[in-house]
Amino acid sequence: MLVEKNVSLQSANSFGIAARAKRLVRVRSQDDVREAATRFDLARKPFFVLGGGSNTVLTSDVKSVVLKVEIPGMALVRETPSSWIVQAGAGVVWHELVAWTLEQGWPGLENLAMIPGTVGAAPVQNIGAYGVELQDRFHSLTAVDCLTGDVFELDAAHCAFGYRDSVFKHAAPVAAEGAGWQRGMGLAGRAVITQVCLALPKAWRPVIDYLDLQKKCEETGVAQPDAQRIFDWICAIRSAKLPDPAVLGNAGSFFKNPTVTPEQCRDIIAREPKIVHYPMPDGSIKLAAGWLIDACGWRGKTVGRAGVYEKQALVLVNRGDRSDPQASVTGGEVMTLAKAIQTSVYERFGIRLQPEPVVI
Ligand code: EPU
């Protein structure tokens, strides 16, 4: 465990916001987390867990303890008749895990290539892209309960995964299925994920229904791509339309794609015939937030030092100078832009967009 005081978080968040942490604790093992919980009295005092900082907007300096999870390691821990069970430390860079599993000959994560962030952050918001969500490949995870100091394991049901959602995003009670030691409880501000186990299917099949992947099949004439080819396609698709946080600060999609009822959707289509919408298995309709923002004229716009990315209106970017902490975007500027976007989408479509990143 390494404790640092008055540390800049600018390089620890993908927006490049120049906030500082009063105390940053780097934890490299489960024991480090338990030790930090005791030493900093995390059962009683609020703390904030930072992984890759790719889904975080810092609106001020952080006064509570920041736990920077840097737990390493990737290994095959078990093989079942149907799956390879792979375990990774919460501090592993997600994309490195995806690439490593493919190299080992265990496909299944290729559609999730190049999602910024760490393995420990992946279950928190149930990361997803191109037709696959973390929950589709999830086996279990290990975490430390900072309230009691206990180490516990959760399976998928207890994680209560939803669209960019899980029990780790909720501090208040959530409706979780089934029995368990944390039944009905939210774990935000309480649990620190230390290890994640994924079940990679031996009977692998490509997931290529997504329009961008269908286009790749047509362009290349490859109807049944292998996992490596899908990985390469995803990397190319993402690089073409999403900004590289190392070059242009951002936190990925800034808003969740909203869902509406079929009646609401019919009403909107009557006014906006071109609206992008996808029917969901539960009967609701998902709308593309990027399209809504784009339709309101925000794509490419800049307010202060916060901007809307010109190739994907769902991504807000840092238009400031990241090399100078005084000239980089502030969390306040990002939230001002976000609120202006929410207001115009609400005024035009009657839809309230919900931010996807954690706002601190
Ligand atoms: N669109 C526009 N204008 C825009 C942006 C999008 O018209 O400026 C339209 C697109 O043409 C498309 C539709 O909106 O018809 C959806 O866009 P896209 O395919 O780019 O996907 P998305 O719904 O905006 C989601 C995820 C991404 C994920 C992609 C691919 C959310 C909030 N975002 O984006 O996830 O990579 O699908 O699966 O669910 C993230 O969460 O950080 C993230 C990048």
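Counting from 1, the numbers follow the sequence of the chain as shown. Counting convention: from 1, in listed order, for ligands and their atoms alike.
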According to the interplanar angle, ranging from 0 to 90°, do the rings of Trp100 and Trp106 count as parallel (below 30°), tilted (30 to 60°) or perpendicular (above 60°)?
perpendicular
By number and element, which atoms of ligand 1 are closer than 4.0 Å to a non-hydrogen atom of Ala288?
13 (C), 14 (O), 16 (C)
Is His95 atom NE2 crowded by more than 12 heavy atoms from other residues, nucleotides or ligands, each under 6.0 Å away?
yes
So, is Lys256 polar-close to ligand 1, with some N/O to N/O distance under 3.5 Å?
no
Short version for Arg299: what comes under 4.0 Å of ligand 1, heavy atoms counted, is side chain
Ring-face cation contact, Tyr163 with Lys286, 6.0 Å cut, 45° max:
yes
Is atom 10 (C) of ligand 1 touching the protein, meaning some protein heavy atom lies under 4.0 Å away?
no
Is it the side chain (CB and beyond), the backbone, both or neither of Tyr210 that lies under 4.0 Å from ligand 1, heavy atoms counted?
side chain
In terms of heavy-atom contacts, does CD of Glu263 have more than 12 from other residues, nucleotides or ligands at under 6.0 Å?
yes
What residue and heavy atom of the protein are closest to atom 1 (N) of ligand 1, and at what distance?
Trp291 N, 3.8 Å
Between Ala129 and ligand 1, does any nitrogen or oxygen pair lie at a separation below 3.5 Å?
no
With heavy-atom distances below 4.0 Å as the criterion, list the atoms of ligand 1 near Leu314.
24 (O), 32 (C)
Between Phe47 and Phe40 (judged by ring centroids, cut-off 6.0 Å), do the two rings come close enough to count as a pair?
no
May I ask you to identify the nearest protein heavy atom to atom 8 (O) of ligand 1, giving residue, atom name and distance to one decimal place in Å?
Ala313 N, 2.8 Å
Expected output: side-chain Ser284 to main-chain Met280 donor-acceptor under 3.5 Å:
no
Check the side chains of Glu110 and Trp204 for a donor-acceptor pair under 3.5 angstrom, ignoring hydrogens and angles.
yes
Looking only at atom types and distance, does a side-chain atom of Lys68 sit under 3.5 Å from a main-chain N or O of Gly51, one as donor and one as acceptor?
yes
Quick one: nearest non-hydrogen protein atom to atom 23 (O) of ligand 1, plus distance?
Asn257 ND2, 2.8 Å
Do any N or O atoms from the side chain of Arg34 and from the backbone of Gly149 form a donor-acceptor pair under 3.5 angstrom?
yes
With a cut-off of 4.0 Å, which atoms of ligand 1 are near a heavy atom of Phe255?
32 (C)
Side chain to side chain contact (heavy atoms under 4.5 Å, CB included) with Leu109: which of Leu97, Leu134, Val86?
Leu97
Quick one: nearest non-hydrogen protein atom to atom 38 (O) of ligand 1, plus distance?
Tyr130 N, 2.7 Å
Ligand-residue contact atoms, ligand 1 with Arg238, heavy atoms, under 4.0 Å
36 (O), 44 (C)
Nearest-neighbour protein heavy atom for atom 16 (C) of ligand 1, which is reported as residue plus atom name and distance
Tyr278 OH, 3.3 Å
Just to confirm my output: which protein heavy-atom neighbour is closest to atom 20 (O) of ligand 1, and how far is it?
Gln312 NE2, 2.9 Å
Closer than 4.0 Å to some heavy atom of Gly252 - which atoms of ligand 1 meet that?
42 (O)
Taking atom CZ as the centre, does Arg271 end up with more than 12 heavy-atom neighbours from other residues, nucleotides or ligands that are less than 6.0 angstrom away?
yes
Does Glu356 reach ligand 1 with a nitrogen or oxygen that is under 3.5 Å from one of the ligand's nitrogen or oxygen atoms?
yes
Which residue and non-hydrogen atom of the protein lie closest to atom 31 (C) of ligand 1, and at what distance in Å?
Tyr163 OH, 3.3 Å
Checking the N or O distance criterion of under 3.5 Å, is ligand 1 in contact with Asp212?
no
Backbone of Ala327 reached by a side-chain donor or acceptor of Arg322 within 3.5 Å
no
Under a 3.5 Å distance rule, please check whether Asn111 uses its side chain to pair with a backbone N or O of Gly131 as donor and acceptor.
no
Identify the protein heavy atom lying closest to atom 44 (C) of ligand 1, giving its residue, its atom name and the separation to 0.1 Å.
Ser253 OG, 3.2 Å
Heavy-atom proximity to atom 35 (O) of ligand 1, best of Glu133, Gln125, Lys311, Arg164:
Arg164
